Amino acid sequence: MIFDIQLADELSAIARLPVQEISDMLEIPPDRQLGDRAFPCFKLAKTMRKNPQLIAQEIADNIKKPNFIERIETKGAYVNFFFNRAVFAQTVLEDILNKGERYGSSDKGNGSVVCIDFSAPNIAKPFHIGHLRSTVIGNSLYKIYEFLGYKCIGINHLGDWGTQFGKLITAYKHWGIKDDLEKEPIKALLDIYVKFHDEAEKDPSLEDEARMWFKRMEDGDEEALSLWRWFKDLSLREFNKIYDMLGVKFDYYTGESFYNDKMDRVVELLQGKGLLTESQGALVVDLSQYDMPPCMIKKTDGTTLYATRDITAAIYRKETFDFDKCLYVVAYQQDLHFRQWFKVIELMGFDWYDKLFHVPFGMVSMEEGTLSTRKGRVVFLEDVLQKAVDRTLDIIKEKNPGLENKEDVAKQVGIGAVVFHDLINNRIKDIVFSWDQVLNFDGETGPYVQYAHARAMSILAKATQTITGKVGGDLLTEDETLELIDLLARFPEAIEAACQANEPSIVARHTIDIAQAFNKFYKNHMVIVDDDEMQRARLTLVYATAQVIRIGLGLLGIQAPAKM
RNA sequence: GCGCUUGUAGCUCAGCAGGAUAGAGCAACGGAUUUCUAAUCCGUGGGCCGGGGGUUCGAAUCCCUCCAGGCGCACCA
C-alpha cells in the first residue's frame, strides 16, 4: 500500500535499512488501541547494539511524520503509528474513486504470458464435484493474473484420448441407443460405460474388442474416429452448459488428442539427448539420481503415456505462446508425476523448466469415502448447482418476495455459494463434501459477501444525495469506519499475495473481511441522514466498498447482484 | 519402507518469509428490528496451536525427532 511505502521510506532514513526490508517489518498491531501500524525494533538492537526500547524512542522522536500519520507512541520496543483518519480516509477513497473497477489492478505482469492449464475433465465422464476445484481455482487465477497485467492463456487439457474410448465404442456397438445419447449424453455414456465393465467381467473378450477399437482410432479408421468425435461433441456440449453456469471460459480446448501427431518428435528429441533407456521393454527416462522413479515415455507395446503428452504439450506451449509461466491446476495426487516430467524438461536442456508450476489442491471426498463414479459414490456438479439455486430461490421468496428477476438472482447467488465454498480455504485442504456446508448461506459464505454488496447498492439507490468528487474524509473517522477503510486500502496487497502464492483464497478471505467490516459499519452508522455532508461522505464510502467487493467477487468468478 | 502433504476451539478453517493478550465462521445459549435488506449485528461459553527437543530477546510460525490422518511410489490418467 502506498502508505506503508511512505512510512517505510521515512523509517528507512532513520533506521538505515533498505525500504523493502522495513516495509516487510511493518505490521498491524493486534489491537487498534495500540496503533494502526507498528514497527518493532528488536532486530535493530543487534546491529545498533542498543536497547530496543531506546531505539524505538529515538525513532519516534526523530522520524519525519508522513502527513497521514497523526501521532506516534512507543510501547516497549514498538513504535506505534496512529493514522490521521481524515487524511487516510480521504486518500484511500479518492484512490478507489479514481481507479474504479481497476482498483487493485496493476501492470506488474507487463504483458508477460501465463498459461493456465485447468479443469481438464475426461470426455464421456460426468462432471462431478471433484472436477469443480480445478475449474474454479484456475478460473480465479486467470482473472487475478490478468488483473495484474499478465496476458493469460486458459487451456482446457481435455482427457479426450485413450483406451476408454475403445471401451465406449464397444459398449455403444452392443447396447447404445442413439436417442438416449442425444438427450442425456453424459448419463447415457456413463451407463454404457458402467455396463461395459460389468459385462467385461463375465466376458473378457470385450476388453479385446475395446483395444481393437482404440487401435482403429489410432490408425485413423474413419468409423472409429467419427464415433469418437460424436462422443466428444456430446460431452463438450454438456461441459459447456456447466462452464456457462460458472461463467468460465477457455482460450483453447486442446486436449490430449491434439498432441497425437506431435509426440514422435519429442520422443526423437529425448532419444537424441540420450535420455531414453530401455527398461523391461519400455522406454523411460531414468531419474534415480534425483531420488525419483523413472519417468515412462513409451509402454512395452509402444504406446505413449500421460507424461509423454504433458512433455509434448509443454514444449508446444512454450513454442506457441512463449509463456513466462505455465501453471497446472491439478490435484496433489499428481505431485510426483509433475516433479518427474518437470525434471525431464530440465534434463532435455530447456532452460524454462523452472517456469512450470504445479498448483496442487486437496481432494474432494464424501463421508462414505473417496469419490467413485463406478461405485456410484459421486455427486454431480449439476445437481449441486441446481440444489443451491433452488434453495436460494426459496430464500428469496421468503425474504424478498417483491424482487424482480428472482430466477436470475437465484442463479447468481446459488452458484456463487458453491464456487465461494470451494475457494474460501487454502487449496491444499481436503474437502469432505457436505450438503449442509455447501448449502449454508450464513457467515463466511458467498451469499454473505453478496448480501453486503446488495445492501450497499440498496443504500446507493435510496440515497437523497449523490456522490461528488469530494470525499469528506474528515467525517469518516469512527472506529468501524476506519476498520473498513483500512481493509479497502489493503485490498491490492491481498491480490498481489494471492497471485504470488497462486492462492485465490487470499482474495476470498479479504473480501469476506471487507463484507464483515461493512456490515458492522452498516449497523453502527446510518448512511442516509439529514446532514447532507455526512450523507455524502458515507455514501462515498458505501460506493467504494461496493466497488471493491464487486472486484473481489469478480476475481473469484462470482457475480454481485445489486439486489437479492 | 521411501517421498509429498495435513494436524490450531465440539465442527470447518484463518494466522505460518518469527513479534505485543492465538482470530473467524458454523453449531449451542442469550440478546438486538417503528430507521438504509435480520442471508445482518451484539454478547456468552469453548484452546497443553498433535507430543517432545532445539534455535532466538521472542516460536502456532524456523530446525530436528516422534505420533496421527490423507495422497503417491513405472506400462491408468
Side-chain angles (χ1 to χ4, degrees), chain A residues 24-25 27 29-31 34 38 40-43 45-46 51-52 75-78 80 120 122 159 161-164 256 279-285 287 291-307 309-310 330-337 339-340 360 362-363 365 370 392 395-396 398-400 403 413 417 421 424-426 428-432 434 436-437 440-452 454-464 505-506 509 512-513 515-516 518-520 522-529 535 538-539 542 563-564:
Chain A
D24 289 344
M25 286 166 76
E27 49 194 65
D31 187 339
L34 291 166
C41 298
F42 303 99
K43 276 187 190 122
K46 258 182 220 146
N51 179 336
K75 181 157 188 184
Y78 289 91
N80 291 328
N122 286 323
W161 199 253
T163 37
Q164 77 265 28
E256 296 177 346
S279 171
Q280 297 167 31
L283 286 179
V284 303
V285 177
L287 298 173
D291 290 324
M292 286 188 277
C295 181
M296 188 175 285
I297 301 297
K298 270 195 170 184
K299 292 188 268 190
T300 316
D301 67 4
T303 54
T304 53
L305 293 100
Y306 189 35
R309 266 184 293 275
D310 269 344
V330 179
Y332 66 58
Q333 277 103 312
Q334 314 230 18
D335 173 72
L336 177 61
H337 163 74
R339 291 211 326 268
Q340 284 179 300
M363 281 205 334
S365 60
T370 48
T392 309
I395 296 175
I396 291 173
E398 181 198 324
K399 302 199 186 242
N400 197 355
L403 183 67
V413 175
H421 176 259
I424 183 62
N425 289 328
N426 277 335
I428 202 70
K429 300 274 182 183
D430 288 334
I431 294 180
V432 177
S434 140
D436 279 354
Q437 274 183 35
N440 171 34
F441 296 173
D442 299 328
E444 292 174 343
T445 66
Y448 176 95
V449 179
Q450 289 171 317
Y451 182 67
R455 281 177 135 183
M457 295 307 281
S458 171
I459 292 176
L460 292 168
K462 287 186 177 156
T464 56
S505 69
I506 295 173
R509 287 276 161 199
I512 275 273
D513 289 344
Q516 233 162 26
F518 175 74
N519 278 330
K520 208 165 280 190
Y522 179 97
K523 189 69 181 180
N524 285 292
H525 305 288
M526 245 354 234
V527 175
I528 303 173
V529 290
Q535 180 177 157
R538 289 189 177 153
L539 220 45
V542 171
K563 293 179 186 172
M564 63 185 271

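Because the structure is a prediction, the values reported are computed rather than measured. Chain identifiers are assigned alphabetically (A, B, ...) following the order of the sequence lines, protein sequences preceding nucleic acid strands; residue numbering begins at 1 within each chain. Atom set for the values below is all heavy atoms of this structure, side chains included, hydrogens, waters and symmetry mates excluded.
In this structure, A:M363 reaches the sugar-phosphate backbone alone: every heavy-atom distance under 4.0 Å involves primed, P, OP1 or OP2 atoms, never a base. Residue contacts for A:F42: at a heavy-atom cut-off of 4.0 Å it reaches a base atom on one of the strands shown. Nucleic acid contact for A:K520: sugar-phosphate only, since backbone atoms but no base atoms lie under 4.0 Å from a heavy atom of the residue. Using a 4.0 Å heavy-atom cutoff across all strands shown, A:A38 reaches at least one base atom of the nucleic acid. Among the protein residues, A:H525 comes within range of the nucleic acid bases, having at least one heavy atom under 4.0 Å from a base atom. Within 4.0 Å of A:N80, counting heavy atoms only, lies at least one base atom of the nucleic acid. Among the atoms of the strands shown, none is found under 4.0 Å from any heavy atom of A:I431.
In this structure, B:rG43 and B:rC29 make a Watson-Crick or G-U wobble pair, each of the two defining distances being under 3.5 angstrom. Across all strands shown, B:rC71 forms a Watson-Crick or G-U wobble pair with B:rG3, both key distances being under 3.5 Å. The base-pairing partner of B:rU37, taking Watson-Crick or G-U wobble contacts with both distances under 3.5 Å, does not exist among the strands shown. Across all strands shown, B:rC57 forms a Watson-Crick or G-U wobble pair with B:rG19, both key distances being under 3.5 Å. Across all strands shown, B:rA24 forms a Watson-Crick or G-U wobble pair, both distances under 3.5 Å, with B:rU12.
To the nearest whole angstrom, the two P atoms, one in B:rA27 and one in B:rA39, are 14 Å apart. Between the C1' atoms of B:rG51 and B:rA68, the separation comes to 11 Å (whole Å). A gap of 38 Å separates the P atoms of B:rC67 and B:rC26, to the nearest Å. Separating the C1' atom of B:rU61 from that of B:rA14 is a span of 13 Å, rounded to the nearest Å. Taking atom P on both B:rA9 and B:rU55, the two are 28 Å apart, rounded to the nearest angstrom. B:rC42 and B:rC4: their C1' atoms are spaced 45 Å apart (whole Å).
The separation between A:Q437 atom CD and B:rC11 atom C1' is 8 Å, rounded to whole Å. Residue A:D31 contributes atom CG, which lies 10 Å from atom P of B:rG23 at whole-angstrom precision. Rounded to whole Å, the distance from OH on A:Y306 to C1' on B:rG72 is 13 Å. Across the protein-nucleic acid pair, A:F441 atom CZ and B:rC26 atom P stand 14 Å apart, rounded to whole Å. The separation between A:Q334 atom CD and B:rU5 atom C1' is 15 Å, rounded to whole Å. A:N400 places its CG atom 9 Å from the P atom of B:rA39, with the value rounded to the nearest Å. Regarding A:E444, its CD atom lies at a distance of 8 Å from the P atom of B:rC26, rounded to whole Å. As rounded to whole Å, 10 Å separates atom P of B:rU6 from atom CG of A:D430.
Judged by distance alone with a 3.5 Å cut-off, a donor-acceptor contact links the side chain of A:S279 to the base of B:rA74. If you check distances only, the side chain of A:S458 never reaches the base of B:rC36 with a donor-acceptor pair under 3.5 Å. Counting atom types as modelled, A:D310 pairs no side-chain N or O with a base atom of B:rA77 as donor and acceptor under 3.5 Å.
Within the 4.0 Å cut-off from OP1 or OP2 of B:rG58, not a single side-chain nitrogen or oxygen of A:K43 is found. The shortest distance between the side-chain N/O atoms of A:K399 and the OP1/OP2 oxygens of B:rU40 is not below 4.0 Å. Residue A:Y522 has a polar side-chain atom (N or O) positioned under 4.0 Å from OP1 or OP2 of B:rA38. In this model, the phosphate group of B:rU35 is not approached by any side-chain N or O of A:K462 to a distance below 4.0 Å at OP1 or OP2.
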